[in-house]
Protein chains: 2
Amino acid sequence: MHTIGTLARRTGTKVQTIRYYEQIGLMPEPGRTEGGQRRYGDVDLDRLAFIRHSRQLGFPLEAIRELLDLSDHPARDCGAADSIARRQLREVETRIARLQALRSELERMIGECRGGTASECRVLEVLRDHSECLADDHDAID
Amino acid sequence: MHTIGTLARRTGTKVQTIRYYEQIGLMPEPGRTEGGQRRYGDVDLDRLAFIRHSRQLGFPLEAIRELLDLSDHPARDCGAADSIARRQLREVETRIARLQALRSELERMIGECRGGTASECRVLEVLRDHSECLADDHDAID
DNA sequence: CTTGAACCTATAGTTGCTGTAGCTCCTATC
DNA sequence: GATAGGAGCTACAGCAACTATAGGTTCAAG
């Protein structure tokens, strides 16, 4: 039997985060002591580790919910897990591409800055210059 | 004079977002009609475009606040703008590196999956396998 | 003068936690 | 058995940066 603090320490999770996972139904309600403190078994430790590892790979909590559900039903088809992972991979790839574009624009902006006062600043000028930006909606942002 | 809707359309911003920027002091309180509706000038349009362009480059609102402040004071030194931009570039580079690591792990995981039932699923197995993960705190996530 | 699109305020929800206040409990030590 | 203090408890507020909703008002075209 583990306390919530032990689970936290062993998985690198904050205590409040574990309670939060319980609240949203990702972690089960554990048994309690007479005094009302949570006591966990090894199964719970494994489940929390699964959640944290998935989070480290960037899976959103809703995806983790599905993955846990599959993990709880070993007879089901693996395809669903595979497609969740592929979706996540696509998501990561999209973000990388977007960030690489941002990186180029930032590099260009910084590379052109020759110092001086704010009025001469190339960085501010680029940001002000909405010629290619106004009215046509890019997405980007994050 | 522009309505809030015109500003929104011309900058690709949601109307609520403009009101939100006003609320947090990024956009000034504009003049109002007798009936209480906001009316903007071209200066406001430029300012909003600046904000949106900066957001598209991933600058957080607090950084944009500083950049706007510099832009409002042309005599100041440009160095601050430059260092904000460099900070943002470093941030973007860090995120790219992290996402690339995630991509590798996801690719490996997916590449090893040979289908079948959930119990045989390599994806789930990798997520369950906390051997390298338990107790040592990575960061990652996102 | 009427219609209806666009505006208004205020508030709650999103994602995934994190932090705080003000308690109670558990366990080790004396 | 008493006590100290670290760990646990609930409940709620806050973060970033919006987005959505409800329920009402205004503006401009026909």
Side-chain angles (χ1 to χ4, degrees), chain A residues 1-27 29-40 44 48 50-68 88 91 95 98 137-142, chain B residues 1-27 29-40 44 48 50-68 88 91 95 98 137-142:
Chain A
M1 285 302 173
H2 314 292
T3 64
I4 198 170
T6 305
L7 249 73
R9 208 163 9 80
R10 305 252 319 252
T11 61
T13 314
K14 294 252 156 78
V15 165
Q16 287 104 311
T17 304
I18 300 174
R19 289 198 281 249
Y20 169 70
Y21 288 158
E22 179 184 328
Q23 198 183 307
I24 62 170
L26 265 193
M27 286 292 285
E29 292 186 25
R32 302 265 187 157
T33 62
E34 296 253 308
Q37 298 195 353
R38 290 167 179 81
R39 287 300 122 96
Y40 294 95
D44 302 307
L48 182 56
F50 184 106
I51 294 170
R52 294 311 288 177
H53 195 181
S54 304
R55 284 297 296 136
Q56 274 157 12
L57 288 170
F59 287 95
L61 293 180
E62 279 319 297
I64 296 172
R65 209 186 281 282
E66 295 178 59
L67 290 167
L68 280 167
Q88 175 63 14
E91 179 66 30
R95 300 230 301 237
R98 214 156 55 183
D137 44 359
H138 314 226
D139 18 54
I141 299 189
D142 270 71
Chain B
M1 286 301 173
H2 315 291
T3 63
I4 197 170
T6 305
L7 249 73
R9 208 163 9 81
R10 307 250 322 250
T11 61
T13 314
K14 294 250 155 83
V15 165
Q16 287 104 312
T17 304
I18 299 174
R19 290 198 281 248
Y20 168 71
Y21 288 158
E22 179 185 329
Q23 199 185 307
I24 62 169
L26 265 193
M27 285 293 285
E29 290 185 27
R32 301 268 187 157
T33 63
E34 297 254 309
Q37 297 195 353
R38 290 168 180 80
R39 287 300 121 97
Y40 294 94
D44 303 307
L48 183 55
F50 185 105
I51 294 170
R52 293 311 288 178
H53 196 181
S54 303
R55 285 295 295 133
Q56 275 157 14
L57 288 171
F59 287 95
L61 293 180
E62 279 319 297
I64 296 173
R65 209 185 282 280
E66 294 179 60
L67 290 167
L68 280 167
Q88 175 63 14
E91 179 66 31
R95 299 231 300 239
R98 212 157 56 182
D137 45 358
H138 313 226
D139 19 53
I141 298 186
D142 266 72

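Naming: A, B, ... by sequence-line order, numbering from 1 per chain.
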Below 4.5 Å, heavy atoms only, C-beta onward: do [X] and [Y] meet side chain to side chain?
X       : Y       : value
B:Arg52 : B:Thr17 : yes
A:Tyr21 : A:Ile64 : no
B:His53 : B:Thr11 : no

Expressed in angstrom and rounded to an integer, what is the separation of [X] atom [atom1] from [N] atom [atom2]?
X       : N      : atom1 : atom2 : value
A:Ile4  : C:dT18 : CD1   : P     : 13 Å
B:Gln16 : C:dC7  : CD    : C1'   : 11 Å
B:Ile18 : D:dA20 : CD1   : C1'   : 16 Å
A:Ile64 : C:dT15 : CD1   : C1'   : 12 Å
A:Arg32 : C:dC25 : CZ    : P     : 12 Å
A:Lys14 : C:dG19 : NZ    : C1'   : 9 Å
A:Tyr20 : D:dT10 : OH    : P     : 17 Å
B:Gln23 : D:dA16 : CD    : P     : 13 Å

Backbone of B:Thr3 reached by a side-chain donor or acceptor of B:Gln37 within 3.5 Å: no
Verdict with reasoning, B:Arg65 to B:Glu62, per salt bridge (Lys or Arg N to Asp or Glu O under 4.0 Å): CA-CA 5 Å; B:Arg65 209 185 282 280; B:Glu62 279 319 297; 3.1 Å; yes
Polar atoms only, N or O, under 3.5 Å: list the protein pairs with nucleotides 26-30 of chain D and their distances.
unit_1	atom_1	unit_2	atom_2	d
D:dC27	OP1	B:Thr33	OG1	2.8
D:dC27	OP1	B:Gly35	N	3.1

OP1 or OP2 of [N] under 4.0 Å from side-chain N/O of [X]:
X       : N      : result
B:Arg55 : D:dC18 : yes
B:Thr17 : D:dT19 : yes
A:Arg38 : D:dC9  : yes
B:Arg52 : D:dC18 : yes
A:Tyr21 : C:dC17 : yes

B:Arg19 or B:Pro60, whichever maps to the more 5' nucleotide of DNA chain D: B:Pro60
Upstream residue (5' side of DNA chain C) when A:Glu62 and B:Gly5 are each assigned their closest nucleotide: B:Gly5
With A:Arg39 via salt bridge (Lys or Arg N to Asp or Glu O under 4.0 Å) - residues at least two apart: none
Option from A:Ile18, A:Ile51, A:Ile4, A:Leu7 for which side-chain contact (heavy atoms from CB on, under 4.5 Å) with A:Thr13 holds: A:Ile18
